[in-house]
Number of protein chains: 2
Amino acid sequence: MHDARGRTGKAADILVAARREFLKSGFGAVSMDAIAREAGVSKATVYAHFDGKEELFGAVISEMSERYFGGFSASELDPVDAAGSLTTLARQFLELLLSPDAIALNRIIIAEVTRFPALGEVFWQAGPERTRAQIATFLRRAAAAGSLDIADAQGAADQFATLTRGEIHQRHLFGRETNTGPAALNAAARTAVDTFLRAFGTRGK
Amino acid sequence: MHDARGRTGKAADILVAARREFLKSGFGAVSMDAIAREAGVSKATVYAHFDGKEELFGAVISEMSERYFGGFSASELDPVDAAGSLTTLARQFLELLLSPDAIALNRIIIAEVTRFPALGEVFWQAGPERTRAQIATFLRRAAAAGSLDIADAQGAADQFATLTRGEIHQRHLFGRETNTGPAALNAAARTAVDTFLRAFGTRGK
DNA sequence: GTCTATACAGTGATAGAC
DNA sequence: GTCTATCACTGTATAGAC
């Protein structure tokens, strides 16, 4: 298994170039020529560092999947202020999810998971599974604090992630929208939190 | 623009073969040779009926998108029995959404929408937009009947579709699950409807 | 390790006979 | 319209010089 850490000089250049090209055009439409050119090396040098196109692709996707979701955390949130914390969480989640790189990564994995099943597993653990666990942990704390009415934290975390992802994620995946401005994110986050609180909140109704 | 209706003989054979190949392997990994072989004709015959690979691809995707979602309807449902009707609706929605062909169609459009933006538009209108409208119409009827507490039917329809699609759709797209049996569908439908009713129901709480 | 040059397979697309 | 045969091109991968 390859990752970006520990690679220096041309090997790192190749990995960076490959990432850019794959994210831009997918797997099939990218040539080793293009990667070599982008990295400023000859094609033979690419093959000196990586066994082939498939291995290089796997290295890029694994490294991105694991690196990309590392910053997502819910441990700093206040479990008493459920509405405020969930809104912050939703906005953070959407910012991560709708970023051009994340959308491109989604696209390429969904497209190629049939051919490279291992990449689906790597991405799923690093992404959805990890974020779900973060959300569930917060929901348990909020339930303990009495600000949410939740029995199954795992299930509720899925619901929250689902509601937050919502339609806007689909719109991005299908190229119907590219707007990731704060206003759009805030609106989507608010809608998701509103519905979630209607279902699982303890205040008001 | 081409569609399946009106095509006969070899032209129809080619379209069927192309659909099968594209759904199986995506756009880039399919060769015109393979389509010709699958259809039992020569490659030249393929080019006699379609201008090229891109045009053939567009014909396949457009035709599938428009045909696939035609059977989805919410007009037969009873607006008084919100819980029962929504469960039926969710199950019907999931059955459509998780079928192997629908997943394959999702995959390929998400993968290629950057290269073929028009296909995203065609699919979106035929799929999500159409189903959303069906759902919204039912929600309006249920709200009028007093069985649901909904102000914005469009928005609530998005929420319902989102909740129903939920995590299981993601799991299928990322190859984490292939189970589309009735038990799995029922469980997913029930979870979605439970949460939706907690947020928008008029009975109980 | 790194380069240039190239082998070799496979691609989309077409010409010409029927 | 349909076929066989072929074109021009691009792709992955490698040999050999340095």
Side-chain angles (χ1 to χ4, degrees), chain A residues 1-62 108 111-112 114-116 118-119, chain B residues 1-62 108 111-112 114-116 118-119:
Chain A
M1 283 293 144
H2 294 92
D3 63 356
R5 295 179 298 278
R7 292 190 179 274
T8 55
K10 310 224 161 169
D13 293 347
I14 292 167
L15 213 49
V16 169
R19 175 166 65 220
R20 184 157 36 206
E21 290 293 307
F22 283 136
L23 285 184
K24 189 172 65 187
S25 312
F27 178 76
V30 171
S31 71
M32 293 296 260
D33 271 302
I35 293 172
R37 197 183 323 123
E38 177 94 10
V41 301
S42 80
K43 206 164 31 169
T45 301
V46 175
Y47 281 94
H49 288 276
F50 298 92
D51 283 350
K53 188 180 176 183
E54 299 194 357
E55 209 235 28
L56 181 53
F57 181 66
V60 165
I61 300 302
S62 307
I108 196 170
E112 302 297 342
T114 306
R115 226 187 319 185
F116 305 102
L119 298 185
Chain B
M1 284 294 140
H2 294 91
D3 63 355
R5 295 179 298 278
R7 293 191 179 275
T8 55
K10 309 223 163 169
D13 294 346
I14 292 166
L15 212 51
V16 168
R19 174 167 65 219
R20 184 156 37 205
E21 290 293 306
F22 283 136
L23 285 184
K24 189 171 66 187
S25 312
F27 179 77
V30 171
S31 71
M32 293 296 260
D33 271 302
I35 293 172
R37 197 181 323 122
E38 177 93 10
V41 301
S42 79
K43 203 162 41 163
T45 302
V46 175
Y47 280 94
H49 287 275
F50 298 93
D51 283 350
K53 188 180 176 183
E54 299 196 356
E55 207 235 30
L56 181 53
F57 181 65
V60 165
I61 301 301
S62 306
I108 196 170
E112 303 296 344
T114 306
R115 227 187 318 184
F116 306 102
L119 298 185

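By convention in this document, chain letters (A, B, ...) are assigned in the order of the sequence lines, proteins followed by strands, and residues within each chain are numbered from 1. Below, each value reflects all heavy atoms present in this structure, side chains not excepted, and no hydrogens, waters or symmetry copies.
Straight-line distance from the CD atom of E54(A) to the C1' atom of dA13(D): 13 Å, rounded to whole Å. Rounded to an integer number of Å, the gap from CZ of F27(A) to P of dG11(D) is 13 Å. Distance CG (D51(A)) to P (dT12(D)): 15 Å, rounded to an integer number of Å. dA5(D) atom P lies 14 Å from atom CG of D33(B), rounded to whole Å. The CD1 atom of I35(A) sits 14 Å away from the C1' atom of dA13(D) (whole-angstrom rounding). The distance from atom CZ of F50(A) to atom C1' of dT12(D) is 16 Å, rounded to the nearest whole Å.
K53(A) contributes a side-chain N or O that, together with a main-chain N or O of V30(A), makes up a donor-acceptor pair within less than 3.5 Å. Between the side chain of K10(A) and the backbone N or O of A39(A) there is no donor-acceptor pair closer than 3.5 Å.
Counting non-hydrogen atoms under 4.0 angstrom, S31(A) reaches the backbone sugars and phosphates but no base. Residue V30(B) is in sugar-phosphate contact alone, with no base atom involved, counting any heavy-atom pair closer than 4.0 Å across all strands shown. In this structure, K10(A) reaches the sugar-phosphate backbone alone: every heavy-atom distance under 4.0 Å involves primed, P, OP1 or OP2 atoms, never a base.
Ring pair F57(B)/F116(B) is tilted by interplanar angle, where 30° to 60° counts as tilted.
Neither OP1 nor OP2 of dT14(D) sits under 4.0 Å from any side-chain N or O of Y47(A).
When side chains are defined from C-beta on, I108(B) counts as touching I61(B), because their heavy atoms get closer than 4.5 Å. Annotation: side chain of V16(B) is in contact with side chain of R19(B) (closest heavy-atom distance under 4.5 Å). In this structure the side chain of M32(B) reaches within 4.5 angstrom of the side chain of I35(B), judged on heavy atoms.
Of all nucleotides in DNA chain C having an atom under 4.0 Å from a heavy atom of chain B, the first and last in 5' to 3' order are dT11(C) to dA15(C).
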